[in-house]
Amino acid sequence: MADSATPSTPLLTDELDIVIPTIRNLDFLEMWRPFFQPYHLIIVQDGDPSKTIKVPEGFDYELYNRNDINRILGPKASCISFKDSACRCFGYMVSKKKYIYTIDDDCFVAKDPSGKEINALQQHVKNLLCPSTPFFFNTLYDPYRDGADFVRGYPFSLREGAPTAISHGLWLNIPDYDAPTQLVKPLERNKRYVDTVLTIPKGTLFPMCGMNLGFNRELIGPAMYFGLMGDGQPIGRYDDMWAGWCAKVICDHLGWGIKTGLPYIWHSKASNPFVNLKKEYNGIYWQEELIPFFQSATLSKECTTVQKCYIELSKQVKAKLGKVDPYFVKLADAMVTWIEAWDELNPSGNAASEIPNGTAKGT
């Protein structure tokens, strides 16, 4: 499962889109060319839509800027964040593929301890195609990997596992720290490569990082909303974590799993901790209310689809977190708008429905 060599045949080339949010030219793709070139890219341009984003030759891509988002979604475009990497979730919405891999433009190819370049995308695909074990923890971590199995005492009735909805990858070099931790550990770098994948147990939350992330869009896509962040909002840098908390509650309810661990990417750039602190300040305060909310959140038996789960969760956000700050009332409304927009672009039973293309396309 952890083989980092380039595969002779790339996996799921017709069933996976790579989503990249950016404000700059995508020179970083050159390093990823051996792994990404067989796939279709969806690039979501943040910031000034009049700026031209250059994409290296030879990649098959669609590029959407803010004007495209407004044109395609109309009034519902209000649910897509501006001047924040949360804009990436627009790419999830317009994709027509079964799987999504999303990566930040300051992430490069890492090497495993033997010196081989890690094909992060291949490992995410393997994670997503392999069952999870959310209902009973296996002390050898992922029992489906070569050289591992279910340990003594693991119930045979649970060994078939559950579908994997999300594959959460990690990072070498610059850790994914919040601003206070960045400030007290400015020189810390992650040099530990831990060769393992494990399923996050049912009932356990985790802080999801969106810079190296794969998911089964058909299963969990409507829950992968990165919220209202950035420009005009009182919070930033909580977009991926919000999506992770919502998705985890829904996966627990519907009986799906989330894996974390391999693959690693090389995170090259530490963001400014003082700028981050300004973005995170409210979140650091609010998360002490958010975590208990998600820990205690339950969904009714009538919630049989991700959309129904998400709408019910939005009602709970408005009722309970709206007391923490009016922002959460606005966020709850945006959650509903997101689902409405998702269903418009992804009508059930018509996965290949036509949507307008972005302003730029490449082959």
Side-chain angles (χ1 to χ4, degrees), residues 1-13 15-16 32 34-36 38-39 98-101 103 107-173 175-176 189-204 206-209 211-216 219-220 244 248 251-252 255-267:
M1 288 292 295
D3 178 22
S4 56
T6 308
S8 55
T9 304
L11 303 171
L12 302 180
T13 52
E15 296 183 72
L16 183 145
W32 286 103
F35 306 128
F36 287 2
Y39 295 88
K98 182 175 182 179
Y99 300 98
I100 294 288
Y101 174 55
I103 186 171
C107 295
F108 295 89
V109 179
K111 292 183 178 180
D112 69 14
S114 73
K116 287 182 180 178
E117 290 192 334
I118 298 167
N119 185 347
L121 180 50
Q122 176 187 235
Q123 180 65 45
H124 276 295
V125 169
K126 288 184 175 182
N127 290 349
L128 290 167
L129 294 180
C130 185
S132 292
T133 54
F135 308 117
F136 203 88
F137 190 82
N138 191 59
T139 51
L140 278 179
Y141 302 116
D142 192 338
Y144 305 103
R145 285 186 65 177
D146 291 339
D149 210 327
F150 293 97
V151 297
R152 181 171 55 90
Y154 200 101
F156 284 89
S157 60
L158 294 177
R159 294 189 182 194
E160 187 176 331
T164 300
I166 298 172
S167 170
H168 179 257
L170 300 176
W171 351 266
L172 295 172
N173 196 35
D176 185 34
R189 300 294 181 264
N190 182 31
K191 300 177 182 178
R192 292 189 306 150
Y193 177 97
V194 182
D195 184 16
T196 195
V197 177
L198 59 104
T199 299
I200 301 169
K202 181 180 181 181
T204 300
F206 75 112
M208 189 172 81
C209 173
M211 76 170 91
N212 173 28
L213 184 71
F215 61 93
N216 184 325
L219 275 187
I220 198 63
K248 185 60 166 67
C251 283
D252 285 353
W256 302 331
I258 297 176
K259 293 191 174 191
T260 187
L262 300 179
Y264 285 90
I265 50 84
W266 181 269
H267 185 208

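Both backbone and side-chain heavy atoms feed into the values below; hydrogens, waters and symmetry mates do not.
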- Separation between CD of Q122 and OH of Y101, rounded to the nearest 0.5 Å: 12.5 Å
- Query: Heavy atoms, side chains only, cut-off 4.5 Å: are L16 and L121 in contact?
  - Reply: yes
- Task: Find the distance between CZ (F108) and CH2 (W32) and round it off to the nearest 0.5 Å.
- Result: 9.5 Å
- Taking every heavy atom of C107 against every heavy atom of M211, the minimum-distance pair comes out as SG-SD, 3.7 Å
- Item | Those residues that, when tested against F150, pass ring pair (Phe, Tyr, Trp, His ring centres under 6.0 Å) (two or more places apart) | Y144, Y154
- pair Y193-I118: side-chain heavy atoms closer than 4.5 Å: yes
- Message: Give me the atom names and distance for the closest heavy-atom approach of C251 to A165.
- Response: SG-CB, 3.7 Å
- Task: Quick one: closest heavy-atom pair of L198 and F137, and the distance?
- Result: CD1-CE1, 4.4 Å
- Note on the structure: Hits for side-chain contact (heavy atoms from CB on, under 4.5 Å) against T164, two or more places apart or cross-chain, chain-then-number order -> L128, S132, K259
- Message: Using the side-chain contact (heavy atoms from CB on, under 4.5 Å) criterion, which residues pair with N173? Sequence neighbours excluded.
- Response: R189, W266
- Item | Sub-4.5 Å side-chain heavy-atom contact between Y264 and N212 | no
- Query: Can you tell me how far the CG atom of L11 sits from the CG atom of L129, to the nearest 0.5 Å?
  - Reply: 7.5 Å
- Query: Which residues pass the ring pair (Phe, Tyr, Trp, His ring centres under 6.0 Å) test with F206, sequence neighbours left out?
  - Reply: H168
- Message: Using every non-hydrogen atom in the two residues, find where P263 and N127 come nearest and quote the distance to one decimal.
- Response: CD-ND2, 4.1 Å
- Are K126 and D142 ion-paired here, with the side-chain N under 4.0 Å from a carboxylate O? no
- ring pair (Phe, Tyr, Trp, His ring centres under 6.0 Å) against H267, all qualifying residues, sequence neighbours excluded: none
- Any luck finding a side-chain donor-acceptor pair between Q123 and N119 under 3.5 Å? no
- Message: Keeping N138 on the side-chain end and D149 on the backbone end, is there a donor-acceptor pair under 3.5 Å?
- Response: yes
- Item | Closest non-hydrogen atom pair between I258 and K248, with its separation | CD1-CD, 3.5 Å
- Message: According to side-chain contact (heavy atoms from CB on, under 4.5 Å), who are the partners of P207, at least two apart in sequence or on a separate chain?
- Response: M241
- Distance col, row I100:CD1 vs L213:CG, nearest 0.5 angstrom, shows 10.0 Å
- W171 backbone acceptor or donor facing D176 side chain under 3.5 Å: no
- Are side-chain heavy atoms of D195 and R145 found at a separation under 4.5 Å? yes
- Message: Restricting to non-hydrogen atoms, name the atom on P163 and the atom on G255 that form the minimum distance, rounded to 0.1 Å.
- Response: CD-O, 4.0 Å
- Query: In a check of side-chain contact (heavy atoms from CB on, under 4.5 Å) between T260 and each of V197, T196, L170, which one passes?
  - Reply: L170
- Residues that N216 engages under side-chain contact (heavy atoms from CB on, under 4.5 Å), provided they are two or more places apart: K98, Y99, E218, L219
